[in-house]
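Atom set for the values below is all heavy atoms of this structure, side chains included, hydrogens, waters and symmetry mates excluded.
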Amino acid sequence: MLILLEDKIATPLGPLWILCDENFHLRAIEWEEHSDRMEQLLNIHYRTEGYSRVASSNPGGLSRLMSDYFEGDLAVIESIPTATGGTPFQREVWQALRTIPCGQVMHYGQLG
């Protein structure tokens, strides 16, 4: 069973849930107002192995990094370790999105 450490932080846009695994790789991030959708997606992605959510304070420093992001340090996003579910195609797209330099705008057709 996957253990997900969770924390909720205040942001200028509202409360934000941060969930990571025991290796502190980000697994999910979602606005509190959409937490139902997040739970549905967690159930889809981890239905085979199962998961348990455990309250944590700043797991692996991720909450602090996201707070820094909302305070204007946009480059911290590049240092956040992630572990994703999804299809091979989805994981490939998510990896490609991480190669876009912070602050640069790019459309889907430019990803290569």
Any [X] side-chain heavy atom under 4.5 Å of [Y] side chain:
X     : Y     : result
Val76 : Met66 : no
Asp73 : Tyr69 : no
Trp31 : Thr11 : yes
Leu13 : Phe70 : yes

Between [X] and [Y], is there shared hydrophobic-cluster membership here, with clusters defined by ILVMFWY side-chain heavy atoms closer than 4.5 Å?
X      : Y     : value
Leu26  : Trp17 : no
Ile100 : Phe89 : yes
Leu74  : Ile80 : yes
Leu65  : Ile77 : yes
Ile3   : Leu62 : no

Fill in: Full working for side-chain contact (heavy atoms from CB on, under 4.5 Å) between Met1 and Tyr46
CA-CA 9 Å; Met1 176 178 287; Tyr46 303 117; over 6 Å; no
Fill in: Carboxylate-amine/guanidinium contact Arg53 Glu39, below 4.0 Å
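Yes, Arg53 and Glu39 are salt-bridged.
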Heavy-atom closest contact ([X] atom, [Y] atom, distance):
X      : Y     : value
His25  : Pro81 : CD2-CB, 3.2 Å
Cys102 : Ala75 : SG-N, 4.0 Å
Asp21  : Leu5  : O-CD1, 4.0 Å

If you round to the nearest 0.5 Å, how far is [atom2] of [Y] from [atom1] of [X]?
X     : Y     : atom1 : atom2 : answer
Arg98 : Gln95 : CZ    : CD    : 7.0 Å
Phe24 : Asn58 : CZ    : CG    : 9.5 Å
Leu42 : Glu30 : CG    : CD    : 9.5 Å
Leu16 : Ile29 : CG    : CD1   : 4.0 Å
Arg64 : Ile18 : CZ    : CD1   : 10.5 Å
Lys8  : Leu19 : NZ    : CG    : 12.0 Å

Practice prompt. Please test Asp7 against Ser56 for side-chain hydrogen bond (donor to acceptor under 3.5 Å, both in side chains), starting from the C-alpha separation and ending with a verdict.
Written response: CA-CA 6 Å; Asp7 194 11; Ser56 182; over 6 Å; no
Discussion item. Can you confirm whether more than 12 heavy atoms, excluding those of Gln90, are under 6.0 Å from its CD atom?
Written reply: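 More than 12 within 6.0 Å, yes.
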Worksheet item: When you look at OH of Tyr51, are more than 12 heavy atoms from neighbouring residues, nucleotides or ligands closer to it than 6.0 Å?
Response: yes
